[in-house]
Amino acid sequence: MIENSALFKLSYGLFILTGRDGEKDNGCVVNTVSQVTSSPLRISVTVNKSNYTHDMIMKTKQFNVSVLTQSTPFAVFEHYGFQSGRDADKILGSSMPRSENGIVYLEKFTNAFISANVIDVVDCSTHTIFIADVTEAKVLSDEKSVTYEYYFDNIKPKPQTEKKKGFVCKICGYVYEGDELPDDFVCPICKHGAADFEPL
């Protein structure tokens with residue numbers, strides 16, 4: 001079954017790409033999936049060659065794309081990675097459902113999944129572009145897709161930087177580090193007093 005509305009979820013998103021080789025499922029995070037044509041319904045995906053998921057797709061010529069939502073926790077991105085594929089079974093066990101092609105897709109944190117059969121392969125040095133016909137597409141939720149911008153602003157942990165305690169001179173910018181500024185302190189640069197300092 002193909003729900004055309006599932007393709008609307010692709011714009012500017014982050015995705016889990018999954019492939020299967022024999023009894024093993026593999027997945028990775030990608031950010032380059034797009035609709036190529038509407039008749040026939042065709043998509044393209046760009047995959048790093050150093051990724052084992054890439055090798056699975058080269059061998060089987062099939063893949064699934066799970067369109068991630070804004071509620072996706074950082075752990076999902078951490079587990080799957082942006083560069084190298086991960087063993088999907090080890091991450092989520094056998095809890096992930098399978099599409100008609102037998103490949104797992106991420107049900108939780110996903111607003112749509114798309115299954116496809118590769119019809120063309122384009123070599124782009126470190127990456128490969130797979131062009132594929134859509135064989136199944138289903139909408140799972142109405143939640144917005146996560147974008148790179150949303151990922152960096154709201155999902156990826158910010159570096160932990162300890163804020164310095166101190167005071168800065170409003171005249172010259174000299175910084176005095178410490179919890180309290182002495183009342184009789186004089187700026188060593190511009191010679192202004194404590195009244196011309198403000199907390200950092």
Side-chain angles (χ1 to χ4, degrees), residues 3-20 25-38 41-58 60-88 91-92 96 99 103-159:
E3 294 180 27
N4 286 324
S5 56
L7 278 294
F8 291 118
K9 307 285 190 179
L10 289 179
S11 299
Y12 307 108
L14 292 174
F15 318 93
I16 296 290
L17 176 72
T18 48
R20 182 170 175 82
D25 294 293
N26 222 66
C28 63
V29 179
V30 294
N31 70 329
T32 48
V33 180
S34 57
Q35 183 174 343
V36 178
T37 60
S38 56
L41 195 50
R42 193 165 283 169
I43 62 174
S44 69
V45 59
T46 304
V47 189
N48 193 308
K49 287 183 183 178
S50 64
N51 191 317
Y52 187 52
T53 309
H54 169 279
D55 298 342
M56 288 183 167
I57 296 170
M58 284 292 289
T60 64
K61 299 296 190 278
Q62 291 184 318
F63 63 84
N64 284 350
V65 174
S66 301
V67 187
L68 297 174
T69 63
Q70 291 183 352
S71 62
T72 307
F74 180 67
V76 171
F77 299 94
E78 196 173 31
H79 285 320
Y80 282 102
F82 281 90
Q83 297 298 326
S84 59
R86 300 290 191 270
D87 187 332
I91 296 170
L92 295 174
M96 288 189 292
S99 62
I103 301 173
V104 296
Y105 63 91
L106 198 70
E107 188 174 35
K108 193 175 182 184
F109 312 121
T110 300
N111 60 28
F113 80 87
I114 299 161
S115 301
N117 289 337
V118 175
I119 60 164
D120 198 9
V121 176
V122 181
D123 189 315
C124 297
S125 184
T126 59
H127 291 68
T128 297
I129 299 175
F130 295 105
I131 301 170
D133 284 332
V134 174
T135 58
E136 187 179 3
K138 187 176 179 182
V139 174
L140 301 178
S141 84
D142 292 329
E143 189 179 346
K144 289 183 179 179
S145 301
V146 64
T147 62
Y148 242 140
E149 183 180 10
Y150 188 91
Y151 168 76
F152 282 115
D153 289 346
N154 300 282
I155 298 175
K156 186 176 181 181
K158 303 290 187 290

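Not measured: the values here are computed from a predicted model.
- When L41, V36, T37 are each tested for a side chain to side chain contact (heavy atoms under 4.5 Å, CB included) with V134, only one passes: L41.
- Between the CD1 atom of I131 and the OG atom of S44 there is a distance of 6.5 Å, given to the nearest 0.5 Å.
- When every heavy atom of V33 is checked against every heavy atom of V45, the shortest pair comes out as CG2-CG2, 3.7 Å.
- Side chain of K61 to backbone of M58: a donor-acceptor contact under 3.5 angstrom is found.
- Contact detail for Y151 and L14: the closest heavy-atom pair is CB-CD1, 3.7 Å.
- Remark: T32 engages T46 in a side-chain contact (heavy atoms from CB on, under 4.5 Å) (not counting sequence neighbours).
- Aromatic ring orientation, Y105 versus F113: parallel (interplanar angle below 30°, classes split at 30° and 60°).
- Formation of a donor-acceptor pair under 3.5 Å by the Q70 side chain with backbone atoms of E143 is not found in this model.
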Pair N111-S141, side-chain hydrogen bond (donor to acceptor under 3.5 Å, both in side chains): steps then yes or no: CA-CA 4 Å; N111 60 28; S141 84; 5.3 Å; no
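- Q62 and I57 make their closest contact through O-CG1, 3.7 Å (heavy atoms, listed as atom of the first residue, atom of the second, distance).
- Shortest non-hydrogen contact noted between P73 and I155 is C-CG2, 4.1 Å.
- Atom OG of S71 and atom NZ of K108 lie 8.5 Å apart (nearest 0.5 Å).
- The closest donor-acceptor contact from the side chain of T72 to the backbone of L68 lies at 3.5 Å or more, if one exists at all.
- Taken from CE in M56 to CG in D25, the straight-line distance is 7.0 Å, to the nearest 0.5 Å.
- Of the possible polar contacts, none joining the D133 side chain to the R42 backbone as a donor-acceptor pair under 3.5 Å is found.
- Looking at every heavy atom in both residues, I16 comes nearest to L106 through CG1-CD2, 4.0 Å.
- The line from CD1 of I129 to OG of S34 is 8.5 Å long, rounded to the nearest 0.5 Å.
- The local environment of CG in D142 is sparse, with at most 12 non-hydrogen atoms from other residues, nucleotides or ligands closer than 6.0 Å.
- Here the closest non-hydrogen pair linking E136 and S99 is OE1-CB, 3.3 Å.
- Between H54 and the choices N26, V30, V47, L17, the side chain to side chain contact (heavy atoms under 4.5 Å, CB included) rule is met once, by V47.
- When the ring pair (Phe, Tyr, Trp, His ring centres under 6.0 Å) test is applied to Y150, no partner is found at least two apart in sequence or on another chain.
- Atom CG of D55 and atom OG1 of T60 lie 10.5 Å apart (nearest 0.5 Å).
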Steps toward salt bridge (Lys or Arg N to Asp or Glu O under 4.0 Å) verdict (K49, D123): CA-CA 9 Å; K49 287 183 183 178; D123 189 315; 2.9 Å; yes
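- Contacts of T135 classified as side-chain contact (heavy atoms from CB on, under 4.5 Å), with partners at least two apart in sequence or in another chain: S115, N117.
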